[in-house]
Amino acid sequence: PMTDAMQRKFFQNILRKNFMNEQLSQTIKGYNGRTIIEKENQLAVIVDNKVVGKIDKGFTLLVGFTQGDTIEDIKYMVKKIVNLRIMDDENGVMNKSILDAGGDILSISQFTLYGDAKKGNRPSYIKALGGAEASPMYDQFNEMLREHVKVETGIFGADMKVELLNGANLAFIGDAY
């Protein structure tokens, strides 16, 4: 079986391959949910050929939940996201948070973050929290983010298409592993 370190490396490699550029990845400890944070320019989520969420500058969040996630986990991750210093300062150095630099968040529900391909070639999503439980957690996560920044969202459970202009080839993985 895959160890936790092997799983982390697996997801980091997926990110690197998906963006076909060198990625900067970091694990954020203490959160049971799983979030991928990307710094972006010009991003939109489309459902049924209609734009349902759009930002010009800020973060894309791919958000998933699993059994055992709590309100405390959500509070922790919201605090970490809004204070994460990955926005450029006036010298082009990642030294500002989204609160300092300005920007918005586009939050997208993504149960596939809990895909497990340890056995066989078809991922299992058993670790992903079901929609009835995950949807209210996702809504609460977004409401807590809205206390700090403007948040746009996709539609939970919908077939979403994401159009983006990647801002800095940055992707951060937030989970407890």
Side-chain angles (χ1 to χ4, degrees), residues 4 7-8 11-12 14-15 23-45 47 52-89 93-115 125 127-158 160 162 164 166-177:
D4 290 341
Q7 279 185 328
R8 185 176 14 208
F11 283 108
Q12 288 170 343
I14 288 174
L15 285 173
Q23 301 294 312
L24 175 60
S25 296
Q26 170 180 312
T27 300
I28 300 172
K29 302 276 186 208
Y31 174 61
N32 289 327
R34 188 167 286 164
T35 304
I36 295 178
I37 307 161
E38 299 173 342
K39 187 168 126 180
E40 307 287 2
N41 292 324
Q42 299 177 2
L43 179 79
V45 173
V47 176
V52 296
K54 180 180 178 180
I55 65 170
D56 290 322
K57 176 183 114 178
F59 299 159
T60 305
L61 306 180
L62 303 178
V63 184
F65 296 98
T66 190
Q67 296 294 328
D69 285 346
T70 67
I71 188 69
E72 293 306 314
D73 296 321
I74 294 172
K75 287 178 184 176
Y76 173 86
M77 198 59 187
V78 166
K79 182 179 176 183
K80 182 60 83 171
I81 289 166
V82 299
N83 290 294
L84 194 61
R85 292 175 29 195
I86 60 172
M87 300 294 278
D88 292 343
D89 65 15
V93 177
M94 289 189 300
N95 199 28
K96 290 188 172 185
S97 71
I98 197 165
L99 298 174
D100 300 328
D104 303 325
I105 290 177
L106 182 64
S107 175
I108 302 168
S109 61
Q110 190 72 32
F111 76 94
T112 61
L113 293 178
Y114 279 98
Y125 300 102
K127 292 182 182 177
L129 203 57
E133 296 170 288
S135 182
M137 292 187 85
Y138 174 69
D139 292 341
Q140 194 162 21
F141 174 79
N142 292 321
E143 286 306 312
M144 288 181 176
L145 281 170
R146 284 185 179 105
E147 293 173 10
H148 305 281
V149 296
K150 180 182 172 195
V151 177
E152 295 280 326
T153 64
I155 297 174
F156 189 91
M160 294 178 274
V162 180
L164 63 94
N166 194 288
N169 295 324
L170 293 176
F172 294 84
I173 302 171
D175 67 19
Y177 299 110

Among residues at least two apart in sequence or on other chains, which ones pass side-chain contact (heavy atoms from CB on, under 4.5 Å) with [X]?
{"X": "Phe111", "value": "Tyr125, Ala128"}
{"X": "Asp100", "value": "Lys96, Ser97"}
{"X": "Val162", "value": "Leu43, Val45, Ile108, Leu164"}
{"X": "Asn95", "value": "Arg85, Asp89, Val93"}

Would you indicate whether the side-chain heavy atoms of [Y] and [X] approach each other to under 4.5 Å?
{"X": "Leu61", "Y": "Ile81", "answer": "yes"}
{"X": "Gln67", "Y": "Lys127", "answer": "no"}
{"X": "Ile74", "Y": "Lys79", "answer": "no"}
{"X": "Thr153", "Y": "Ile155", "answer": "no"}
{"X": "Asp69", "Y": "Met137", "answer": "yes"}
{"X": "Gln42", "Y": "Lys57", "answer": "no"}
{"X": "Phe156", "Y": "Asp139", "answer": "no"}

Where do [X] and [Y] come nearest, in terms of heavy atoms and distance?
{"X": "Leu62", "Y": "Gln110", "value": "CB-CB, 4.1 Å"}
{"X": "Ile105", "Y": "Leu145", "value": "CD1-CD2, 3.9 Å"}
{"X": "Ser109", "Y": "Gly157", "value": "OG-N, 3.9 Å"}

Using the test salt bridge (Lys or Arg N to Asp or Glu O under 4.0 Å), find all partners of Lys150 that sit at least two apart in sequence or belong to another chain.
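With neighbours one apart ignored, the set is Glu152.
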
Going by the rule salt bridge (Lys or Arg N to Asp or Glu O under 4.0 Å), which residues pair with Lys54 if we only count those two or more places apart in sequence or in a different chain?
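With neighbours one apart ignored, the set is empty.
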
Quick check against the 3.5 Å criterion: does Asn83 have a side-chain atom that pairs as donor or acceptor with the backbone of Lys80?
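No; judged by distance alone, with no hydrogens or angles, the pair does not exist.
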
Would you please classify the geometry between the Phe65 ring and the Phe141 ring as parallel, tilted or perpendicular, with 30° and 60° separating the classes?
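Because their plane-to-plane angle is over 60°, the rings of Phe141 and Phe65 count as perpendicular.
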
side-chain hydrogen bond (donor to acceptor under 3.5 Å, both in side chains): pairs with one or both residues in residues 140-149, sequence neighbours excluded
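Non-adjacent pairs meeting side-chain hydrogen bond (donor to acceptor under 3.5 Å, both in side chains): Ser107-Asn142, Glu143-Arg146.
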
Can you check side-chain contact (heavy atoms from CB on, under 4.5 Å) on Ile86 and Phe59, steps first, answer last?
CA-CA 10 Å; Ile86 60 172; Phe59 299 159; 3.7 Å; yes

